[in-house]
Amino acid sequence: QVQLVESGGGLVQPGGSLRLSCEASGFILDYYAIGWFRQAPGKEREGVGCTNDDGSIYYADSLKGRFTISRDNAKNTVYLQMASLKPNDTAVYYCARGGLCSWYDDEYDAWGQGTQVTVSS
């Protein structure tokens, strides 16, 4: 069945880096967009960025320059490289499958379980 599994979260100090992975199974990643979202405690889920099947990539304006999305279709995996992390980046990070990149989470039909990222000294 269709499955997305995030990994790579953890505790990191401010200014540090983390790379999250989103491993897909049950479908061919080449044909889909994968979006990254995050949800901080007490806040609504927000879009982080997305990669389309054609390789185009989009980022939330506030995160450009710090976050980088890449995909390895051969490994059926999408990555989210995060740098210069700040305490307000603390959130559960999710990846999701869609037909095309969108900032609306109801445009995605499969979600991972999420991975916790905590930025704290």
Side-chain angles (χ1 to χ4, degrees):
Q1 75 275 19
V2 171
Q3 195 171 11
L4 296 164
V5 179
E6 302 94 339
S7 62
L11 174 63
V12 62
Q13 292 189 341
S17 300
L18 274 178
R19 188 178 79 160
L20 307 184
S21 299
C22 171
E23 185 172 358
S25 59
F27 66 99
I28 300 172
L29 185 63
D30 305 48
Y31 302 139
Y32 291 89
I34 297 293
W36 283 98
F37 291 79
R38 68 184 184 181
Q39 188 166 21
K43 294 187 176 181
E44 292 189 356
R45 189 159 52 191
E46 64 173 352
V48 170
C50 182
T51 170
N52 271 320
D53 60 345
D54 65 359
S56 56
I57 300 174
Y58 304 91
Y59 298 98
D61 286 343
S62 61
L63 300 176
K64 283 181 184 175
R66 293 197 300 122
F67 286 18
T68 304
I69 293 171
S70 60
R71 64 194 291 161
D72 185 338
N73 288 338
K75 294 184 178 180
N76 248 25
T77 301
V78 176
Y79 303 97
L80 175 65
Q81 178 72 48
M82 306 183 293
S84 302
L85 284 163
K86 306 174 183 179
N88 64 5
D89 293 317
T90 295
V92 178
Y93 285 72
Y94 300 89
C95 62
R97 185 187 79 164
L100 282 175
C101 281
S102 171
W103 297 112
Y104 300 102
D105 54 14
D106 60 1
E107 297 287 333
Y108 295 84
D109 65 356
W111 290 78
Q113 82 290 349
T115 186
Q116 175 71 46
V117 172
T118 302
V119 184
S120 175
S121 55

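Side chains included, hydrogens not; waters and symmetry mates left out as well; all remaining heavy atoms used.
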### Message
Please check: side-chain N/O of Q113 versus main-chain N/O of E6, any donor-acceptor pairing under 3.5 Å?
### Response
yes
### Query
Is it the case that one hydrophobic cluster holds both Y32 and V2, taking links as side-chain heavy atoms less than 4.5 Å apart, direct or via other members?
yes
### Task
Side-chain contact test, heavy atoms from C-beta onward, threshold under 4.5 Å: evaluate it for S25 versus N76 and give yes or no.
no
### Task
Provide the closest heavy-atom pair for R71 versus A33 in the form atom of the first, atom of the second, distance.
NH1-CA, 4.5 Å
### More than 12 heavy atoms from other groups under 6.0 Å of CD on E23
no
### Task
Flag yes if V92 and I34 sit in one hydrophobic cluster, no otherwise; membership is Ile, Leu, Val, Met, Phe, Trp, Tyr, and two members link when side-chain heavy atoms are under 4.5 Å apart.
no
### Message
Testing the basics here: between A91 and Q116, what is the closest heavy-atom pair and its distance to 0.1 Å?
### Response
O-NE2, 3.5 Å
#### Entry: Any donor-acceptor pair under 3.5 Å from Y58 side chain to N52 backbone
no
### Message
Within the 4.5 Å heavy-atom criterion, are M82 and R66 side-chain neighbours or not?
### Response
no
### Task
Of all the heavy-atom pairs spanning L4 and R97, show the shortest one and how long it is.
CD1-N, 3.6 Å
### Query
Is L18 reachable from L80 through a run of I, L, V, M, F, W or Y residues, each pair having side-chain heavy atoms under 4.5 Å apart?
yes
### Summary
For C22 and W36 the tightest heavy-atom approach is CB-CZ2, 3.6 Å
#### Entry: Exam field: side chain Y59 to backbone I69, donor-acceptor pair closer than 3.5 Å
yes
## Note on the structure
Looking only at heavy atoms, the pair that brings V119 and T90 closest together is N-OG1, 2.9 Å
### Task
Kindly assign one of parallel, tilted or perpendicular to the pair F67 and Y93, based on the angle between their ring planes and the thresholds 30° and 60°.
tilted
### Query
Just wondering, do L29 and Y31 contact through their side chains at under 4.5 Å, heavy atoms?
no
### Test side chain to side chain contact (heavy atoms under 4.5 Å, CB included) applied to D30 - qualifying residues, sequence neighbours left out
I28, N73
### Query
So Y94 and W111, would you call those rings parallel, tilted or perpendicular, with 30° and 60° as cut-offs?
perpendicular
### Message
side chain to side chain contact (heavy atoms under 4.5 Å, CB included) for L63 and R38? Distances and angles first, verdict last.
### Response
CA-CA 12 Å; L63 300 176; R38 68 184 184 181; 3.8 Å; yes
### Gap between atom SG of C101 and atom CD1 of I57 - 0.5 Å precision
8.5 Å
### Task
Flag the pair D89 / V117 as yes when at least one side-chain heavy-atom distance between them is below 4.5 Å, and no otherwise.
no
### Message
I want to check something: taking the side chain as every heavy atom from C-beta on, are C50 and S102 in contact at a cut-off of under 4.5 Å?
### Response
no
### Query
So, for T77 and S21, which heavy atoms are closest and what is the spacing to 0.1 Å?
CG2-CB, 4.1 Å
